[in-house]
Amino acid sequence: SGEYTSALSAIQADLDNPNQYKADVSGIPAAVWGHATRTLSSFGTLVSDIWSAATRTLSAFAFTVTGAKDASIDAIKAKTDLITTGTSLTIASAVSGSTITAHRGDTLSAALENIGALTNYSKLWFTVKRDYDDADTAAVIQIEKTGGLLYLNGAVGTAGNGSLTINDEATGDVTIVLNASETAKLSPGNYQYDIQILRSAGTPVSTLTYGEFVVPADVTRATS
């Protein structure tokens, strides 16, 4: 039993002093041994920084919109306000189904916006027809940018009684005007219109926008 007691005492001594085995890894560079035995406390600063980043509030991301952004928002609001006032027709892009309404006997003033860039235009036409296959000379209305009112109800029009004005060439904002004396000659009904552009001689004509042109009958016919 004395022999076993001695052996147990030796094992206990080894357990009480594990650092004695460091000599067994003498082939490992001291730097590696140092990394293997260092405590987590050496990461204290790193852990603290990570924790701070994870728990910080979103207030750090607050910003204020100023300057040019404010001006852009104001410009958008100015255009959307037109929708509620009913003072203009706004077409966001060249889409099928847009409608222009011209009350018979009233001056037509229709503002169309963002129909496409009008740069380098040579000719710009606004045409209303009863049938797509009708000749331009048979158009219900045809107004050209420089020529004014070309045709009304299939007859040569009075140039000064209709106009197509470019308000913004880059974005394609235009205003179409037809005098009351001319709309009074229109027959109530549903027609088709488009706006086409010729940029230079020899280039194809392009359709910028198109849709329905409606002429409601006026209820009151008195003029004086």
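Count residues from 1 along the sequence.
The OG atom of Ser206 sits 8.5 Å away from the CG atom of Leu198 when rounded to the nearest 0.5 Å. Here the CD-CZ distance, from Gln192 to Phe213, works out to 11.5 Å after rounding to the nearest 0.5 Å. Here Thr207 contributes atom OG1 and Ile197 contributes atom CD1; the two are 11.0 Å apart, rounded to the nearest 0.5 Å. Annotation: the span from Glu113 atom CD to Thr209 atom OG1 amounts to 12.5 Å, rounded to 0.5 Å. Note that the CG atom of Asp131 and the OH atom of Tyr191 stand 12.5 Å from one another [nearest 0.5 Å].
Ser122 places no side-chain N or O within donor-acceptor distance of the main-chain N or O of Arg199, the cut-off being under 3.5 Å. Side-chain N or O atoms of Glu144 include none that pairs as donor or acceptor with a backbone N or O of Trp125 at under 3.5 Å. A donor-acceptor pair is defined here as one N or O able to donate and one able to accept, closer than 3.5 Å; no such pair exists between the side chain of Asp168 and the backbone of Val174. The closest donor-acceptor contact from the side chain of Asp106 to the backbone of His103 lies at 3.5 Å or more, if one exists at all. A side-chain donor-acceptor contact under 3.5 Å links Asp173 to the backbone of Asn114.
Between the side chains of Ser98 and Tyr193, at least one donor-acceptor pair of N or O atoms lies under 3.5 Å. With no hydrogens or angles considered, no side-chain donor-acceptor pair links Glu169 and Thr119 at under 3.5 Å.
Heavy atoms of other residues, nucleotides or ligands lying less than 6.0 angstrom from NZ of Lys145 number more than 12.
With Glu182 as the partner, the side chain to side chain contact (heavy atoms under 4.5 Å, CB included) test is satisfied by one option alone out of Ile143, Thr158, Leu108: Thr158.
Taking all atoms of both residues into account, the shortest heavy-atom contact from Pro216 to Val214 is CD-O, 3.5 Å.
A salt bridge links Arg104 with Asp218: the closest approach of a Lys/Arg side-chain nitrogen to an acidic carboxylate oxygen falls below 4.0 angstrom. Ion pairing of Asp194 with Lys129 is absent here, as no side-chain N (NZ or NE/NH1/NH2) approaches a carboxylate O to less than 4.0 Å.
Considering only heavy atoms from C-beta on, Leu150 stays 4.5 Å or farther from Thr127 through its side chain. Residues Phe126 and Ile100 form a side-chain contact, since some pair of their non-hydrogen atoms from C-beta on lies under 4.5 Å apart. Using a 4.5 Å heavy-atom cutoff, the side chains of Leu124 and Leu208 are in contact. Under the 4.5 Å side-chain criterion, counting only non-hydrogen atoms from C-beta, Ile195 is in contact with Ile115. For the pair Leu149 and Ile141, the minimum side-chain heavy-atom distance is below 4.5 Å. Thr137 places a side-chain heavy atom less than 4.5 Å from the side chain of Tyr151. Between Thr175 and Ser109 the shortest side-chain heavy-atom distance falls below 4.5 Å.
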Evaluate the criterion side chain to side chain donor-acceptor pair (under 3.5 Å) for residue pair Asn179 and Asn161; output intermediate values, then yes/no. CA-CA 5 Å; Asn179 290 2; Asn161 287 349; 3.2 Å; yes
Does the pair Asn153 and Val140 meet the rule for a side chain to side chain contact (heavy atoms under 4.5 Å, CB included), with working shown? CA-CA 4 Å; Asn153 291 330; Val140 175; 3.9 Å; yes
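A single hydrophobic cluster is not seen to contain both Val177 and Val215; linkage of ILVMFWY side chains at heavy-atom distances under 4.5 Å, directly or through other members, places them apart.
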